[in-house]
Amino acid sequence: MSTLKVNTLQDASGSNPTTTANLNQGTVKAWFNLNGTSTPAFRDSFNCASITDNGTGDHTVVITTDFGSVNYTAVGTAKETDNTSVSGTIIGFNSQAAGSIRLITCNASFAAADCVLVYGVMLGDQ
């Protein structure tokens, strides 16, 4: 196995230089695509270990490799059903720790609801 060590990367024409620190800071560190109904389950994920069902529309995702602090960014979205005629739902982050994030999903009336499509992305220092 070989290791490539560099301080700056450029495109093939020698333009658009960026540091490896910028690349590391700008990459997604964890993400999930889950079904939040019945028994919650990941359809696919990266750096996410498990899901806890805390009640209707309330789930905790455990992150495999902890973030360096609670000051990471999380964004997400959800949809109550996979029927395209149903109004969209929202996802909010109730609390986050270095190794987990608790999310709340709601229907279009802002009532807590288990959602069939739940997506989240987390960025920050690990």
Side-chain angles (χ1 to χ4, degrees):
M1 184 164 111
S2 299
T3 300
L4 179 63
K5 295 181 180 185
V6 299
N7 293 321
T8 304
L9 298 173
Q10 296 178 333
D11 64 19
S13 69
S15 302
N16 302 310
T18 188
T19 66
T20 54
N22 278 348
L23 291 175
N24 185 46
Q25 290 294 313
T27 58
V28 172
K29 302 298 177 24
W31 59 264
F32 58 84
N33 173 337
L34 65 89
N35 181 341
T37 62
S38 195
T39 301
F42 291 117
R43 286 186 191 85
D44 201 358
S45 67
F46 172 72
N47 196 25
C48 295
S50 63
I51 310 163
T52 301
D53 188 349
N54 304 310
T56 302
D58 184 353
H59 301 90
T60 299
V61 173
V62 175
I63 300 162
T64 305
T65 301
D66 289 1
F67 283 89
S69 73
V70 299
N71 298 319
Y72 57 91
T73 297
V75 294
T77 189
K79 193 169 182 189
E80 194 171 5
T81 72
D82 53 12
N83 180 339
T84 57
S85 66
V86 175
S87 297
T89 59
I90 61 169
I91 184 171
F93 296 103
N94 188 22
S95 63
Q96 61 191 64
S100 66
I101 189 157
R102 190 166 179 173
L103 52 115
I104 306 297
T105 54
C106 300
N107 61 24
S109 301
F110 301 104
D114 285 340
C115 294
V116 69
L117 302 170
V118 183
Y119 312 104
V121 174
M122 284 111 9
L123 303 103
D125 294 332
Q126 286 187 308

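In what follows, residues are counted from 1 in the order of the sequence shown.
Residue pairs meeting the side-chain hydrogen bond (donor to acceptor under 3.5 Å, both in side chains) criterion with at least one partner in residues 109-126, sequence neighbours excluded, are Gln25-Asp125.
Between the side chain of Gln96 and the backbone N or O of Tyr72 there is at least one donor-acceptor pair closer than 3.5 Å.
Evaluation of the side chain to side chain donor-acceptor pair (under 3.5 Å) rule for Ser13 yields Asp11, Ser15 as partners, not counting sequence neighbours. Partners of Ser45 according to the side chain to side chain donor-acceptor pair (under 3.5 Å) rule, which considers only residues two or more places apart in sequence or in another chain, do not exist here. By the side-chain contact (heavy atoms from CB on, under 4.5 Å) test, Thr64 is found to be paired with Asn47, Ala49, residues two or more places apart in sequence or in another chain being considered.
The shortest side-chain heavy-atom distance between Lys5 and Thr3 falls under the 4.5 Å cut-off. You'll find the side chain of Thr8 stays beyond 4.5 Å of the side chain of Val6, heavy atoms only. Looking at heavy atoms from C-beta onward, Met122 lies in side-chain contact with Cys48 at the 4.5 angstrom threshold.
To the nearest 0.5 Å, atom CD1 of residue Ile91 and atom OG1 of residue Thr89 are 8.0 Å apart. Between Thr73 atom OG1 and Leu123 atom CG the span is 6.5 Å, to the nearest 0.5 Å. Here the straight-line distance linking atom CG of Leu103 with atom CZ of Phe93 works out to 6.0 Å at 0.5 Å rounding. To the nearest 0.5 angstrom, Lys79 atom NZ is 10.5 Å from Cys115 atom SG. With rounding to the nearest 0.5 angstrom, the CG atom of Asn35 is 8.5 Å from the CD1 atom of Ile51.
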If you look only at distance, which donor and acceptor atoms sit under 3.5 Å apart when one is on a side chain in residues 55-63 and the other is two or more places apart or in another chain?
unit_1 : atom_1 : unit_2 : atom_2 : d
Asp58  : OD1    : Asn54  : ND2    : 3.2
Asp58  : OD1    : Arg102 : NE     : 2.7
Asp58  : OD1    : Arg102 : NH2    : 3.4
Asp58  : OD2    : Arg102 : NE     : 3.4
Asp58  : OD2    : Arg102 : NH2    : 2.6
His59  : NE2    : Gly36  : O      : 3.4
Thr60  : OG1    : Asn54  : ND2    : 2.8

Validation: residues 27-34 side-chain donor-acceptor distances under 3.5 Å, sequence neighbours left out:
unit_1 : atom_1 : unit_2 : atom_2 : d
Thr27  : OG1    : Asn24  : O      : 3.1
Lys29  : NZ     : Asn24  : O      : 2.9
Lys29  : NZ     : Gly124 : O      : 2.8
Asn33  : OD1    : Arg43  : NH1    : 3.0

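Smallest separation of non-hydrogen atoms from Ile101 and Ala74: CD1-CB, 3.4 Å.
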